[in-house]
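Report on the structure given below.
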Amino acid sequence: MIPVLEQLTEQQQNEVKRQMAIYKQGVQDIIPTEELETKVAKSILENRPLKIKLGLDPSAPDVHLGHTVVLNKLRQFQQNGHVIQLIIGDFTGKIGDPTGKSVARKQLTTEEVEHNAKTYFEQFGKIIDMEKVELHYNSKWLSKLNFEDVINLAGKITVARLLERDDFDERISTGKPISLHEFFYPLMQGYDSVRLDCDIELGGTDQHFNILMGRHYQEKFGKEKQVAMLMPLLEGLDGVEKMSKSKRNYIGIDEAPNEMYGKSMSIPDTLMMKYFELVTDLDKEEIDTIKSDVATGKLHPRDAKMLLARTIVRMYHGENAACAAEQNFITVFQQGTLPDDIPVVIWTGADKISVIDLIVELKLLSSKSEARRMITNHGVKINRVKVEDSNLIVAISNGLIVQVGKRKFVQISRG
């Protein structure tokens with residue numbers, strides 16, 4: 001039998017190369033790469049779009065740039081005419097993915113899953129065309145399995161294979177319990193791929209085990225195996241931990257333009273090119289040019305980062321908002337002037353108050369210890385004067401401006 005690639009015209013072969021170059025960009029691992037190339041070639045030969053799967057258990061509906069790493073890759077497939085299959089784990093979400101957890105996850109209610117799924121759709125629409133997405137809820141098939149079906153599904157995998165999961169192995173070694181229902185999560189995720197005949201499944205590197213379950217079960221059910229595409233996890237603004245709202249090192253895609261731009265400018269220089277590659281819509285040639293210009297000194301790293309910040313804001317708020325946010329940043333942070341849109345807080349408290357209590361009362365920071373730490377690090381100003389003494393008593397006056405860090409301002413109005 002003639003290999004698929006050899007059946008293509010020269011023009012079609014060039015199209016395979018073009019798509020593969022796009023799909024490989026920024027990817028941590030493709031399992032296996034040869035099968036992806038064959039699937040792309042076959043889709044061109046048969047004029048049949050590939051089915052690209054992303055499974056979601058909507059347990060945390062606030063989307064940040066870390067989540068968009070996979071979504072941006074989905075957009076690339078969608079732009080090349082392939083079909084995106086979003087699988088909402090309204091059934092598996094009630095169990096909870098044990099990935100990266102030292103204890104069992106809290107199981108979600110039907111109402112929580114439905115609410116979170118709706119929030120996801122609204123935010124995903126900023127990145128991919130939701131009108132062209134196949135939406136599936138895995139309760140449609142998983143809830144119909146009877147006990148015999150479940151036993152048969154479990155019979156196609158060994159306990160030893162399931163215990164290969166790092167999280168399970170760690171919990172066993174530390175004496176932490178594993179509930180039996182947690183073993184069924186990867187089985188169900190793999191069965192989703194069987195039911196939808198997925199060609200490719202995307203996910204972060206932390207989903208390696210779950211995604212390979214799709215290949216395992218498709219083979220057990222006599223189907224063509226999906227390709228696993230694993231995207232790197234994005235470090236947050238601290239440059240160390242994975243981007244996470246709980247770690248407060250994130251940029252949310254629903255954040256205001258000025259906040260989004262300011263946070264983007266605090267991305268560590270060492271991660272700047274990774275952000276360009278993983279979270280922007282710039283093509284490979286543009287990114288390669290930026291990388292080369294920074295390396296040769298043609299482009300100053302500060303200017304490159306401003307381009308990154310402007311691109312991120314433009315993607316979620318439009319060109320005008322991006323330009324306005326950049327001008328605001330230049331005005332406030334580079335020229336040292338005050339922003340035009342400082343929020344005003346009506347003050348009804350005491351005439352005099354300690355600076356630490358004032359910061360907490362104004363909700364600029366959540367605790368006195370954080371406020372004291374910020375003062376020690378020279379990050380607090382009263383009427384543009386740096387606060388040096390954490391025991392300072394502030395006399396409240398109309399129009400008093402309190403600044404914490406680089407982006408938090410409040411103007412006091414006496415009630």
Sort out for me which residue in K51, K132, Q76, Q19 forms a side-chain hydrogen bond (donor to acceptor under 3.5 Å, both in side chains) with H82.
Q19
Among Q12, K17, R18, exactly one meets side-chain hydrogen bond (donor to acceptor under 3.5 Å, both in side chains) together with E15. Which residue is that?
R18
Got a salt bridge between [X] and [Y], using NZ or NE/NH1/NH2 to carboxylate O under 4.0 Å?
{"X": "R171", "Y": "E182", "value": "yes"}
{"X": "R248", "Y": "E370", "value": "yes"}
{"X": "E224", "Y": "K39", "value": "yes"}
{"X": "D238", "Y": "K247", "value": "no"}
{"X": "E35", "Y": "R215", "value": "yes"}
{"X": "E235", "Y": "K242", "value": "no"}
{"X": "R310", "Y": "D303", "value": "no"}

Do K305 and Y275 meet the cation-pi criteria used here (NZ or CZ under 6.0 Å from the six-membered ring centre, within 45° of the axis)?
no
To check you understand the geometry: which heavy-atom pair defines the closest contact between [X] and [Y], and what is its length?
{"X": "A304", "Y": "I290", "value": "CB-CG2, 4.5 Å"}
{"X": "V344", "Y": "S413", "value": "CG1-CB, 3.7 Å"}
{"X": "Q85", "Y": "C198", "value": "OE1-SG, 3.2 Å"}
{"X": "T280", "Y": "N72", "value": "N-ND2, 4.2 Å"}
{"X": "A325", "Y": "N258", "value": "CA-OD1, 3.3 Å"}
{"X": "L65", "Y": "I253", "value": "CD2-CG2, 4.1 Å"}

I'd like to know whether [atom1] of [X] has more than 12 heavy-atom contacts from other residues, nucleotides or ligands below 6.0 angstrom.
{"X": "E46", "atom1": "CD", "result": "yes"}
{"X": "N47", "atom1": "CG", "result": "no"}
{"X": "K126", "atom1": "NZ", "result": "yes"}
{"X": "K274", "atom1": "NZ", "result": "yes"}
{"X": "E219", "atom1": "CD", "result": "no"}

Answer whether the closest heavy-atom distance between the side chains of [X] and [Y] falls below 4.5 Å.
{"X": "L196", "Y": "H136", "value": "yes"}
{"X": "F91", "Y": "W141", "value": "no"}
{"X": "I87", "Y": "L54", "value": "no"}
{"X": "L365", "Y": "R373", "value": "no"}
{"X": "N249", "Y": "S244", "value": "yes"}
{"X": "I359", "Y": "M374", "value": "no"}
{"X": "Q189", "Y": "Q207", "value": "yes"}
{"X": "Q403", "Y": "V380", "value": "no"}

Side-chain H-bond candidate by donor/acceptor type, D357 with S354, under 3.5 Å:
yes
Between I157 and H216, is the side-chain contact (heavy atoms from CB on, under 4.5 Å) condition met? List the steps.
CA-CA 8 Å; I157 188 80; H216 174 85; 3.5 Å; yes
Name the residue from K42, R48, K53 that meets the salt bridge (charged side-chain N to carboxylate O under 4.0 Å, His left out) definition with D199.
R48
Donor-acceptor under 3.5 Å ([X] side chain, [Y] main chain):
{"X": "Q123", "Y": "T119", "value": "yes"}
{"X": "K408", "Y": "L364", "value": "yes"}
{"X": "S292", "Y": "T289", "value": "no"}
{"X": "E201", "Y": "Q226", "value": "no"}

Quick one: pull up [atom1] in [X] and [atom2] in [Y] and give me the separation to the nearest 0.5 Å.
{"X": "I356", "Y": "E361", "atom1": "CD1", "atom2": "CD", "value": "13.0 Å"}
{"X": "Q411", "Y": "I401", "atom1": "CD", "atom2": "CD1", "value": "4.5 Å"}
{"X": "I200", "Y": "S43", "atom1": "CD1", "atom2": "OG", "value": "8.5 Å"}
{"X": "T158", "Y": "L163", "atom1": "OG1", "atom2": "CG", "value": "8.5 Å"}
{"X": "Q7", "Y": "Q13", "atom1": "CD", "atom2": "CD", "value": "10.5 Å"}
{"X": "L278", "Y": "M231", "atom1": "CG", "atom2": "CE", "value": "5.5 Å"}

As a quick check of understanding, evaluate side-chain contact (heavy atoms from CB on, under 4.5 Å) for F184 and L153, giving each step before the final call.
CA-CA 9 Å; F184 285 92; L153 192 63; over 6 Å; no
Among pairs that include at least one residue of residues 314-323, which meet side chain to side chain donor-acceptor pair (under 3.5 Å), considering only residues two or more places apart or in two chains?
D281-R314
With sequence neighbours left out, the residues meeting side-chain hydrogen bond (donor to acceptor under 3.5 Å, both in side chains) with K284 are D288
With under 30° as parallel and over 60° as perpendicular, where do the rings of Y137 and F121 fit, or are they tilted in between?
perpendicular
In terms of the angle between their ring planes, are H67 and H64 parallel, tilted or perpendicular, with boundaries placed at 30° and 60°?
parallel
Applying side chain to side chain contact (heavy atoms under 4.5 Å, CB included) to L145 and not counting sequence neighbours gives L142, D149, V150, Y191
Using side-chain contact (heavy atoms from CB on, under 4.5 Å), reason through L234 and V279 one step at a time and then give a plain yes or no.
CA-CA 9 Å; L234 185 70; V279 305; 3.7 Å; yes
Less than 3.5 Å apart, which donor and acceptor atoms pair up between the side chains of residues 24-32 and the rest of the protein, not counting sequence neighbours?
none

Using the ring-ring contact (aromatic ring centres under 6.0 Å, His included) rule, collect all pairs that involve residues 239-274, keeping only residues at least two apart or in two chains.
Y261-F329
What residue pairs, at least two apart or across chains, pass ring-ring contact (aromatic ring centres under 6.0 Å, His included) with a residue in residues 19-41?
Y23-F77
For side-chain contact (heavy atoms from CB on, under 4.5 Å), just list the numbers for V133 and F124, CA-CA rounded to whole Å, side-chain angles, deciding distance to a tenth of an Å, and then say yes or no.
CA-CA 11 Å; V133 167; F124 281 13; over 6 Å; no
